[in-house]
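None of these values were measured; they are calculated from a predicted model. Numbers restart at 1 for each chain; the letters A, B, ... are given by sequence-line order, proteins then strands.
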Amino acid sequence: MKTNQPINQSTGSPITLLTNQLINQTLHLADTALILGQRNGEWCAHGPILEQDIAITNITLDLIGQARNFYQYAATLINASENKNETEDSLAYLRNEREFKNLLICELPNGDWAQTVLRQFLFSAYQELVLEKLKNSSNEQLAAIAAKSLKETQYHVKWSSEWVIRLGDGTTESRDRMIKAIDTLWMYTGEFFIPANYELTEVHLLKETWFQKVRSIFEEATLAVPENTFMQSGGKSGIHSEHLGFILAEMQILQRTYPGAEW
Amino acid sequence: MSIHDLEISFQNKIDSEIKIEPKDWMPEAYRKTNLRQISQHAHSEIVGMLPEGNWISRAPSLKRKAILIAKVQDEAGHGLYLYSAAETLGTSREQMVADLNSGKAKYSSIFNYPTLSWADMGAVGWLVDGAAILNQVMLCRTSYGPYARAMVRICKEESFHQRQGFETLLVLSKGTKEQRDMCQDAINRWWWPSLMMFGPKDSESTNSDQSMKWKIKRKTNDELRQQFIDMIAEQIKLLGMTLPDANLKWNAERKHYDFGEINWEEFWNVVKGNGPCNKQRLADRNKAHDEGAWVREAAMAYAAKRKNKTANKAA
């Protein structure tokens, strides 16, 4: 009988959907943190203010750290169920575009400072809600990583929302740039709330809370919330924008060029 | 007190190892020399972020990526303390940054060399930070208080960076043939420029005598350079690599390593702006500064609005 159900290579028995679901869920969280970290890292040494160069770099470090924790856990799960030898680095450096499950918004180019801080806000406000749910997950490992990441994410929300307010209610130019950033990014927020078949969190239930948070910050920033925007999706299931291929080409170059080398 | 008396009491303080503080009287030349040196040091930290930042997106493992990001971030932090220390001498950070961006102020020439492979992240940490540390350890005892205190903090982080750099190379030196070649190539390219970091020979250095007398410096360029060579010539044995100097040899009589002639023509060329990356580094700094102008303006405008609102509420 042919089936799409993955098979454990050593035992020949089908992998339970639950394990598979957990692996994909964990990879989705890891990929999302890594790709946004990779993008934010582009600011390092190029920030608009030295203190803010340090701040965005801090966030980058948090995201890379979160990605590492999730990848390490995913590797443990995969190795236990499929008799493989995955590591945090094989998962980050040796998978291709179609295997990455990050949210589309994370892979978009940084744009200007307005687009960067707005993306951080829209994403972190969502990630905070996801992590709060996962913190109470019956899976102890995921719950522990979520609890640790949540503290960092709460700071990311605070930092980025302050920038959204500052730029929205700053000068005419900063306001125009923020409006343009909303126009660019808003259509990538719908994907947050469309559940992928592996998601353990009922993400569609988070939409209202997220929206209220965004609306209150936009109000303080004197910015309008867009209405009736067509929403893009696909990242969660590995259908990406054209940007991801270039991100991976750059990020993975040494691991791909020198297979098997230790660094 | 006459100027002459002030100068005598100033030198007495220096001689009895009492730190000079921002509000103390100091000779104008002492102020200028410190300002030039501290701001130059701050600029070096900031420009130095660029060649290392160049490899963040391509770091070969997540652990190495995190270490590299943290390191570049440390450099930004060092830049901050040093700008603050320099500001105590009466020049604003904005002015210092403007002088850097216009090309008027200098920064360490070493950062005008390109980082061409991953091994350069190791070589920069081991050799460039290693050379910088010898200078900085000395500066922890420099006579100007704010500079000395900033250096104490910076030295702790820098010695950590140097160890990380060495460890990066150590892993490469035990790796595949390609990795070992990469490691040797990086050492070949960074060795001579790091020797140049100590500045011209004592016999050619214009600022040295007065700086020694004022205890801004406590060791000469040549003394520090020799100390560095002696240290690295030993450490490289652990890597199983070689330094690109046929004349490098232990001299039992001097109890120091002898070494070959530095290419001073190259040194002055890079100082004058003709290094491989001088234009690129300055262009990158200017781009970040110019593109950040609207962000800084918006932050100030918003802060002013907030202040008005609070004032109105209070009234």
K.L.:
Could you tell me whether A:Tyr155 atom OH has more than 12 heavy atoms of other residues or ligands within 6.0 Å of it?
P.N.:
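More than 12 heavy atoms, drawn from other residues, nucleotides or ligands, come within 6.0 Å of this atom.
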K.L.:
Let me know if A:Asp53 has heavy atoms under 4.5 Å from chain B in its side chain, its backbone, both or neither.
P.N.:
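The side chain, not the backbone.
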K.L.:
Is A:Ile247 close to chain B through its backbone or its side chain, or both, or neither, when contacts mean heavy atoms under 4.5 Å?
P.N.:
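When you check distances to chain B, no heavy atom of A:Ile247 falls under 4.5 Å.
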K.L.:
Take atom CD in B:Gln235; do more than 12 heavy atoms of anything else shown fall under 6.0 Å from it?
P.N.:
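Atom CD in B:Gln235 is packed in, count exceeds 12.
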K.L.:
Which heavy atom of B:Ala66 sits nearest a heavy atom of A:Leu61, and at what distance?
P.N.:
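Looking at all heavy atoms of both residues, the shortest contact is O-CD2, 3.4 Å.
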K.L.:
Mind checking the CG-CD spacing from A:Leu50 to B:Glu45? Nearest 0.5 Å is all I need.
P.N.:
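Result: 10.5 Å between the selected atoms.
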K.L.:
Report yes or no: does A:Glu173 contribute a side-chain atom to a donor-acceptor pair with the main-chain N or O of B:Trp294 at less than 3.5 Å?
P.N.:
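Not at all, since once roles are kept as given, no pair shorter than 3.5 Å links the two residues.
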K.L.:
Tell me whether the count of non-hydrogen atoms from other residues, nucleotides or ligands lying under 6.0 Å of CZ in B:Arg153 goes above 12.
P.N.:
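It does not: B:Arg153 CZ has 12 such atoms or fewer within range.
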K.L.:
Hey, which of B:Ala303, B:Ala298, B:Ala288 has the most heavy atom pairs under 4.5 Å with chain A?
P.N.:
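Looking at each option in turn, the highest pair count goes to B:Ala298.
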K.L.:
As an exercise, state the distance from CG of B:Leu80 to CD1 of A:Ile54, rounded to the nearest 0.5 Å.
P.N.:
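Those atoms lie 4.5 Å apart.
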K.L.:
Considering only heavy atoms, which portion of B:Leu62 lies under 4.5 Å from any heavy atom of chain A: side chain, backbone, both, or neither?
P.N.:
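Both parts, backbone and side chain.
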K.L.:
Which atoms of B:Met182 are under 4.5 Å from chain A, going by heavy atoms: the side chain, the backbone, both sets, or neither?
P.N.:
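The side chain, not the backbone.
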K.L.:
Closest approach of B:Val72 and A:Cys44, non-hydrogen atoms and distance?
P.N.:
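Reported closest heavy-atom pair: CG1-SG, 3.4 Å.
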K.L.:
Tell me, out of B:Lys287, B:Glu75, B:Lys63, who's got the most heavy-atom pairs with chain A below 4.5 Å.
P.N.:
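The option with the most such pairs is B:Lys63.
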K.L.:
Within this structure, what is the CD-OG distance for the pair A:Glu88 and B:Ser61, rounded to the nearest 0.5 Å?
P.N.:
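A:Glu88 CD to B:Ser61 OG: 7.0 Å, rounded to 0.5 Å.
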K.L.:
Please rank B:Gly48, B:Ala76, B:Ala301 by heavy-atom pairs under 4.5 Å with chain A and give me the top one.
P.N.:
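Top option by heavy-atom pairs under 4.5 Å: B:Ala76.
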K.L.:
Between the side chains of B:Glu297 and A:Thr171, does any donor sit under 3.5 Å from an acceptor?
P.N.:
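Absent: no donor and acceptor within the cut-off.
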K.L.:
Sub-3.5 Å donor-acceptor pair from the side chain of B:Asp284 to the main-chain atoms of A:His46, do we have one?
P.N.:
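No; judged by distance alone, with no hydrogens or angles, the pair does not exist.
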K.L.:
Is it the side chain or the backbone of A:Arg175 that comes within 4.5 Å of chain B heavy atoms, both, or neither?
P.N.:
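Neither; nothing under 4.5 Å.
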K.L.:
Ignoring hydrogens and geometry, is there a side-chain-to-backbone donor-acceptor pair from B:Arg64 to A:Trp263 under 3.5 Å?
P.N.:
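Yes; at least one donor-acceptor contact below 3.5 Å.
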K.L.:
Provide the closest heavy-atom pair for A:Ala45 versus B:Arg285 in the form atom of the first, atom of the second, distance.
P.N.:
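A:Ala45 and B:Arg285 have their closest heavy atoms at O-NH1, 2.9 Å.
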K.L.:
Closest approach of B:Lys305 and A:Gly170, non-hydrogen atoms and distance?
P.N.:
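The answer is NZ-O, 3.1 Å.
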K.L.:
Evaluate side-chain contact (heavy atoms from CB on, under 4.5 Å) for A:Leu167 paired with B:Tyr302, printing each intermediate quantity in order.
P.N.:
CA-CA 8 Å; A:Leu167 296 182; B:Tyr302 178 74; over 6 Å; no
K.L.:
Please classify the contact between B:Glu291 and chain A as side chain, backbone, both or neither, with a heavy-atom cut-off of under 4.5 Å.
P.N.:
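For B:Glu291, no heavy atom lies under 4.5 Å from chain A.
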K.L.:
When only pairs under 4.5 Å are counted, which of A:Trp163, A:Tyr258, A:Tyr71 shares the most heavy-atom pairs with chain B?
P.N.:
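If we count pairs closer than 4.5 Å to chain B, A:Tyr258 comes out on top.
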K.L.:
Charged N to carboxylate O under 4.0 angstrom, B:Arg93 versus A:Glu51?
P.N.:
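Judged by the 4.0 Å cut-off on N to carboxylate O distance, B:Arg93 and A:Glu51 do form a salt bridge.
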K.L.:
When rounded to the nearest 0.5 angstrom, what is the spacing between CZ in B:Arg296 and CD in A:Gln52?
P.N.:
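Those atoms lie 11.5 Å apart.
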K.L.:
At a heavy-atom separation under 4.5 Å, does A:Gln38 approach chain B through its side chain, its backbone, both, or neither?
P.N.:
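Interface part for A:Gln38: side chain.
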K.L.:
Which distance, rounded to the nearest 0.5 Å, do you find between the CD1 of B:Ile69 and the OG1 of A:Thr57?
P.N.:
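So the gap between those two atoms works out to 7.5 Å.
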K.L.:
Would A:Leu254 and B:Trp55 satisfy side-chain contact (heavy atoms from CB on, under 4.5 Å), going step by step from the backbone distance to the final call?
P.N.:
CA-CA 11 Å; A:Leu254 287 171; B:Trp55 279 89; 4.0 Å; yes
K.L.:
For each of A:Arg177, A:Arg39, A:Gln252, tally heavy-atom pairs with chain B at distances under 4.5 Å, and name the one with the top tally.
P.N.:
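Ranked by heavy-atom pairs under 4.5 Å with chain B, first place is A:Arg177.
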K.L.:
Counting neighbours of CZ on B:Phe160 that are heavy atoms of other residues, nucleotides or ligands and sit closer than 6.0 Å, is the number greater than 12?
P.N.:
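At most 12 heavy atoms, drawn from other residues, nucleotides or ligands, come within 6.0 Å of this atom.
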K.L.:
Side chain, backbone, both or neither: which part of A:Ala114 has a heavy atom under 4.5 Å from chain B?
P.N.:
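Contact with chain B involves both backbone and side-chain atoms of A:Ala114.
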K.L.:
Pick whichever of A:Met251, A:Arg68, A:Glu42, A:Gln255 has the most heavy-atom pairs under 4.5 Å with chain B.
P.N.:
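If we count pairs closer than 4.5 Å to chain B, A:Arg68 comes out on top.
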K.L.:
Taking every non-hydrogen pair under 4.5 Å, which of B:Gly175, B:Ala70, B:Gly53 racks up the most with chain A?
P.N.:
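Option with the top pair count is B:Ala70.
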K.L.:
Select, from B:Gly292, B:Pro60, B:Gly77, the one with the greatest count of heavy-atom pairs under 4.5 Å involving chain A.
P.N.:
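Looking at each of B:Gly292, B:Pro60, B:Gly77 in turn, B:Pro60 comes out on top.
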K.L.:
Out of A:Asn58, A:Thr87, A:Asp112, A:Thr172, which one racks up the most heavy-atom pairs below 4.5 Å with chain B?
P.N.:
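Looking at each of A:Asn58, A:Thr87, A:Asp112, A:Thr172 in turn, A:Asn58 comes out on top.
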K.L.:
Near B:Leu170 CG, under 6.0 Å, is it more than 12 heavy atoms from other residues, nucleotides or ligands?
P.N.:
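Counting neighbours around CG of B:Leu170, more than 12 heavy atoms of other residues, nucleotides or ligands fall under 6.0 Å, so yes.
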K.L.:
Given that the side chain runs from C-beta out, which part of A:Trp43 has a heavy atom under 4.5 Å from chain B: side chain, backbone, both or neither?
P.N.:
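Interface part for A:Trp43: neither.
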